[in-house]
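Here is the structure we will look at.
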Protein chains: 4
Amino acid sequence: MAVQTDTAPDRPEQILRAAMVCFAKRGFHQTSMHDISEEAGISVGLIYRYFASKEAVISAIAEEHKKELQGLLERARCAPTLLESLEILLTAHCCEDQPQMHCAFVVDLFAEAGRNPSIANLVRDVLETGMKGVTEVIARAPEMRNAPHGMKPREVTELIFAAARGSMMRDVLEHSQVSAAERRERQLKVVRQLWRLLFNHANEPALA
Amino acid sequence: MAVQTDTAPDRPEQILRAAMVCFAKRGFHQTSMHDISEEAGISVGLIYRYFASKEAVISAIAEEHKKELQGLLERARCAPTLLESLEILLTAHCCEDQPQMHCAFVVDLFAEAGRNPSIANLVRDVLETGMKGVTEVIARAPEMRNAPHGMKPREVTELIFAAARGSMMRDVLEHSQVSAAERRERQLKVVRQLWRLLFNHANEPALA
Amino acid sequence: MAVQTDTAPDRPEQILRAAMVCFAKRGFHQTSMHDISEEAGISVGLIYRYFASKEAVISAIAEEHKKELQGLLERARCAPTLLESLEILLTAHCCEDQPQMHCAFVVDLFAEAGRNPSIANLVRDVLETGMKGVTEVIARAPEMRNAPHGMKPREVTELIFAAARGSMMRDVLEHSQVSAAERRERQLKVVRQLWRLLFNHANEPALA
Amino acid sequence: MAVQTDTAPDRPEQILRAAMVCFAKRGFHQTSMHDISEEAGISVGLIYRYFASKEAVISAIAEEHKKELQGLLERARCAPTLLESLEILLTAHCCEDQPQMHCAFVVDLFAEAGRNPSIANLVRDVLETGMKGVTEVIARAPEMRNAPHGMKPREVTELIFAAARGSMMRDVLEHSQVSAAERRERQLKVVRQLWRLLFNHANEPALA
DNA sequence: AATGAATGAGGCTTCATTCAT
DNA sequence: CATGAATGAAGCCTCATTCAT
């Protein structure tokens, strides 16, 4: 029924994608509306037809970030083993192709959340969603049964997420010096260490 | 010979303290030079007698952050047990009195580092200093001898720092909702869990 | 098809004209962007849509000055006698109606050229264009054939231009005290004297 | 009687010399009081003990310029021949050693005179003094008796000064590209041409 | 006599936002 | 729906001038 599906552009989507690129490159407050309009290939005024203000764009992006994270969660949930789930979750920020979340953007988002309550609420919401999902996955994991650490699933999740966020912050520092692939490799090593710490039997020898 | 020690203000210090307050409250790019001058109780022009530019103020703060971290490291090195060392290191960002580093500021600093190479270098430098120090502490710790995880000291440090940074990011989200003391308590719990994971024998009972 | 030719203002032109007025009145460095915007009846920001910076405005004016000089040159080239050519060239700065070059502005331009290499290049370019044109006019003039001074066309041009510039500098001193017409009259006298010196036989009687 | 003649510095003189250097280098309005104080090796505040304002410094410099020009005039008056007098007068701006007048400064002075009436008065005064002196020299010159041009001494002076000023403006454009010696050489050629035009018998062949 | 810390107005420039077309 | 010209507040920074020491 819908005509011109390929010629009628989804303006909001187009704008958000452009904004995402700019935000990841320069941060929220270093990005001007003109930057976004240029990246999107449209006029400045048109942005205001779909978003009330620059802040609205930022919020919308945070919403999109939430959806991406939900998708990620879904993929993690479907992974055959717990280790693979964790690998998916913890290295998501390493692949910087596609409309994926760049680590610089996420760090900026948290920084913004520190001052802007509405962003903070959004980010908290995203985070809680993600953590609930992961907590479930972990609670169901057979590895948890023999885990020697005595931590509750939620506690494990907190630790995992903290490590993931911390790695993201680190990545930001080496953004242009290390390739995404290299970072991913390094990150995977850390995930496996964490996994071994958490779920392997203590007497199993480390393999590397 | 120097009289009036109390009336002669240390302008650079005064400015940096004011800037720190503003940066923590609003972030670098949301803080105007006027904000800083007002917070410091001086005129805008006076800032420029001591700092060449706004960026110079940011860099100077980062330098100060480095010194604080070095002091923290010293204290951690002197702690009687490894667990106490880690507690000092990992919860430093929780006490927000005194000229201490606010977590919001640190997250903003990392975000800025993602785009500004000179800031990135500074932060990398600070980080490396901190990590070297902690790696030494860990390498010397008797707990490492019986550690079942097979990780090298540096690897352990990386994990610890990632968790610490990740916690800081989380803190940013709840800045005004949770008291520093509460956050500290929660954070200590995580540290102990991490410590147990890393250094305690699996069959040893948890302490706290 | 283009309607409203009278309501659509040529912004760059409007800005340059306003800037010209301000620069002639106050000099480059005494003129603020606000002065220009006010003189043009527009907002400050709008200037930046058409010119990248204040310096760009100065350069653009210098370019326009070049074009005016080329027009002047054309008119001089078409004059029936050499004397008339010279009168056109040497008294151009006396009539301060129309979008013409004010002498105060030109003196300021040279002063600026003394420190700003990019302006210096522009002015040199303008000057060279003018001098080449005049040299040609002189070389072709029948008066040169019997000229007793033995100077090459280029040398004559240099002298003429020096005298013209020197007169302009003088004019600057009496800008508001003497009318343009008076200055022109006085200037014409000097031109004729120079002309007689250069091209008339000594025994020929003065004309004016 | 005067003690410490060599240790007690003549502050006003010292300040003016420094200001002169700065003005020649950067122009009046690009020179800050701090620039001057630095060049003079004193504090900013001290300048205000001797001069009421920046404008007062500019005026004082113009006064000094007047004195220098008077000295120049004296030397020109003492020259054995008219040609030598003219050479002294017209090439003064070429030697840029000593506390002499730099051409960039003079052009800037005229530009300033175009807007600042008090400076304009000063410059006019200087100019008139100079022109009177030169007119006298010319009136007395034996060359004037046989001069074929029929110009009055004052008219000749006007022409000479115009050419001199015009040359100075030109010099400003090539300030850093041509050495003072080269400029002087070139300038001398022009002076001699002008002299020949004015005072040589028409039938004398040009030599150089 | 001399210093230089301190002020604050003002200059250049950017940018979120509006609106006529 | 779309454009982009236009606005003006605000940001960073400079600088003439003052004044306590």
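So you know, we letter chains A, B, ... as the sequences are listed, proteins then strands, and number each from 1.
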Fill in the blank from the handout: Of A:E55 and C:H29, the one whose closest nucleotide on DNA chain E sits nearer the 5' end is C:H29
Exercise for the section: May I have the distance from C:I58 (atom CD1) to E:dC12 (atom C1'), rounded to whole angstrom? Expected result: 12 Å
Handout entry: C:E38 CD - F:dT7 P separation (whole Å)
Key = 13 Å
Fill in the blank from the handout: Taking for D:G45 and for D:R49 the nucleotide of DNA chain E with the nearest heavy atom, the one nearer the 5' end belongs to D:R49
Problem - Sugar-phosphate, base or nothing in reach of B:S37, heavy atoms under 4.0 Å - result: nothing
Problem - Plane angle bin for C:F23 and C:F105 - parallel if under 30°, tilted between 30 and 60°, otherwise perpendicular - result: parallel
Problem - B:I36 CD1 to F:dC13 C1', straight-line distance once rounded to whole Å - result: 13 Å
Problem - Nearest to side-chain heavy atoms of A:R11, which nucleotide of F:dA2, E:dT7, F:dC15 - result: F:dA2
Practice task
Measure from NZ on A:K54 to P on E:dT14 and round the result to the nearest Å.
Solution key: 15 Å
Practice task
Please check if the side chain of B:S37 supplies one atom and the backbone of B:H34 the other of a donor-acceptor pair under 3.5 Å.
Solution key: yes
Problem - Pairwise 5' ranking along DNA chain F for D:Q30 and C:G41, keeping only the more 5' one - result: C:G41
Practice task
Compare the minimum distances between each of E:dA16, E:dT3, F:dT17 and the side chain of D:S43, then state the nucleotide with the smallest one.
Solution key: E:dT3
Exercise for the section: Determine, stepwise, if the pair C:I42 / C:R11 fulfils side chain to side chain contact (heavy atoms under 4.5 Å, CB included). Expected result: CA-CA 9 Å; C:I42 59 175; C:R11 291 299 190 205; 3.5 Å; yes
Fill in the blank from the handout: Whole-Å distance, D:I47 CD1 to F:dC15 P, equals 14 Å
Practice task
Identify the nucleotide, in any strand shown, that forms a Watson-Crick or G-U wobble pair with E:dA1, with both distances under 3.5 Å; if there is none, say none.
Solution key: none
Exercise for the section: Provide, to the nearest angstrom, the distance between the CZ atom belonging to D:F28 and the P atom belonging to F:dC15. Expected result: 17 Å
Exercise for the section: Mind checking D:Y50 for me? I need base, sugar-phosphate or nothing, with any heavy atom below 4.0 Å counting as a touch. Expected result: sugar-phosphate
Practice task
May I ask you to verify if any side-chain N or O of C:Y48 is less than 4.0 angstrom from the OP1 or OP2 atom of E:dT14?
Solution key: no
Completion exercise
Regarding the side chain of B:S53, the nearest nucleotide among E:dT17, F:dC13, F:dC15 is F:dC13
Handout entry: Base partner of F:dA5, which must satisfy Watson-Crick or wobble distances under 3.5 Å
Key = E:dT18
Practice task
Can you figure out which of F:dT3, F:dC12, E:dC15 approaches the side chain of A:L46 most closely?
Solution key: F:dT3
Handout entry: Donor-acceptor contact below 3.5 Å, side chain B:K66 vs main chain B:L122
Key = no
Fill in the blank from the handout: note: D:D35, atom CG; F:dC15, atom P; distance rounded to Å ~ 7 Å
Exercise for the section: Report the distance from atom CD1 of A:I15 to atom C1' of E:dT17, rounded to the nearest whole Å. Expected result: 15 Å
Practice task
Give a yes or no on whether the backbone of C:T31 and the side-chain of C:R26 come within a donor-acceptor separation of less than 3.5 Å.
Solution key: no
Completion exercise
Against the side chain of A:I42, the closest entry in F:dT3, E:dT17, F:dC12 is F:dT3
Handout entry: Flag, side chain of A:D35 to backbone of A:S32, donor-acceptor distance under 3.5 Å
Key = yes
